[in-house]
Amino acid sequence: MRALSSPFLSSTLPRGTMGRRPARCYRFHKKKPYIKSRYLRGVPDSKIRIFDGGNKRADVGLYPCVVHMVSDEKEQISSEAMEAARVACNKYMLKNAGKDTYHIRVRMHPYHVLRMSKMLSCAGADRLSQGMRHSFGKPAGKVARIEIGQVMISVRCKDVHQHHAIEALRRAKFKFPGRQKILKSNKWGFTEWDREEYVRRRLDGTLIADGVGVKYVAQHGPLGKKPGT
């Protein structure tokens, strides 16, 4: 008589776990933010590590044009999607605008920790799985919580490369769920000043360059600390 070969008859059952769940399972905000802390350890690292790309040390006066990708939904964006969008945007700008002709900045950060109650998917899993008992879950990844109107990615460049920046952000949109808008800003680069006001204040000395941004020089205080004195 031939012996039967069945996983239910073996002493050690093969164990398997679920793969990565699709983004639709974690798309919307739910309850309070669950962040990494001394109470929550063993959180996997975020997939996105670089938030600035291109010529990120360029002076503030070099790139006056800036284009933003703005969220049109209240949702959660995974760190995997953020990294994919950054790579797609950077690759298009590098190929079409050229090296050191732009500065990309990812404006969202993944702090919220996702949980997953892992279930066995092998033969005989129904004998070992807990079901909904103790279903709090373990850390499985990190996401960024996005609000409506929040800037997600910004690209500053020269005016001649504006259409390349718009197309790069359009391609990066396909890496995200939900709806996004691409907006051309009236500000000078990553500063908070309109173009006309920026030029006027740089000429009269009330704004001084400070890396990728500017500093405002107040009209009060010791005269010795004012620029040009």
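Just so we're clear, the structure is a prediction, and the values are computed from it rather than from any experiment.
Heavy-atom minimum distance, Lys181 versus Asp72: CE-OD2, 3.6 Å. Glu147 and His29 make their closest contact through OE2-CE1, 3.7 Å (heavy atoms, listed as atom of the first residue, atom of the second, distance). Considering all non-hydrogen atoms of both residues, Arg145 and Lys31 come closest at NH1-O, 3.1 Å. Here the shortest heavy-atom pairing between Ala209 and Val214 reads CA-CG1, 4.3 Å. Across Met116 and Ala140, no two heavy atoms sit closer than the pair CB-CB, 3.8 Å. Shortest non-hydrogen contact noted between Asp204 and Thr206 is OD1-OG1, 2.8 Å.
The only option from Gln180, Gln150, Arg27 that meets the side-chain hydrogen bond (donor to acceptor under 3.5 Å, both in side chains) definition with Glu73 turns out to be Arg27.
In this view, Glu83 and Arg86 satisfy the side-chain hydrogen bond (donor to acceptor under 3.5 Å, both in side chains) rule, not counting sequence neighbours. Among residues two or more places apart in sequence or in another chain, the side-chain hydrogen bond (donor to acceptor under 3.5 Å, both in side chains) test is passed with Lys173 by none. In this view, Glu197 and Arg201 satisfy the side-chain hydrogen bond (donor to acceptor under 3.5 Å, both in side chains) rule, not counting sequence neighbours.
The hydrophobic cluster around Val151 extends to Val70, Leu183, counting ILVMFWY residues whose side-chain heavy atoms fall within less than 4.5 Å of a member. Other residues sharing the hydrophobic cluster of Tyr111, ordered by chain and number and joined by side-chain separations under 4.5 Å: Ile35. Within the hydrophobic cluster formed by Ile, Leu, Val, Met, Phe, Trp and Tyr side chains joined at under 4.5 Å, directly or through other members, Met69 is accompanied by Ile48, Phe51, Val67, Ile77, Met82, Met93, Leu94, Tyr102, Ile104, Val106, Met108, Ile146, Met152, Ile153, Val155, Ile166, Leu169, Phe176, Ile182.
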- Query: Where do Arg105 and Ser154 land on the side-chain hydrogen bond (donor to acceptor under 3.5 Å, both in side chains) test, with the steps shown first?
  - Reply: CA-CA 5 Å; Arg105 175 171 288 176; Ser154 299; over 6 Å; no

- Task: Verify side chain to side chain contact (heavy atoms under 4.5 Å, CB included) between Val217 and Ile208, making sure each step is shown before the conclusion.
- Result: CA-CA 7 Å; Val217 180; Ile208 56 176; 4.1 Å; yes

- Message: Between Arg195 and Cys65, is the side chain to side chain contact (heavy atoms under 4.5 Å, CB included) condition met? List the steps.
- Response: CA-CA 9 Å; Arg195 284 199 173 196; Cys65 176; 3.6 Å; yes

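Note that NZ of Lys138 is 12.5 Å distant from CG of Leu40, once rounded to the nearest 0.5 Å. One finds the CH2 atom of Trp193 at 9.0 Å from the CZ atom of Arg200 (value rounded to the nearest 0.5 Å).
Two rings, from Phe190 and His103, have their centers less than 6.0 Å apart. A distance below 6.0 Å separates the ring centres of Tyr198 and Trp188.
Residues Tyr26 and Arg21 have side chains that bring a donor and an acceptor to within less than 3.5 angstrom of each other.
Pro139 has its side chain within reach of Pro44: a pair of non-hydrogen atoms, C-beta onward, lies under 4.5 Å apart. Counting heavy atoms from C-beta on, the side chains of His112 and Gln76 come closer than 4.5 Å.
Sparse packing is recorded around NZ of Lys95, with 12 or fewer heavy atoms of other residues, nucleotides or ligands lying under 6.0 Å away.
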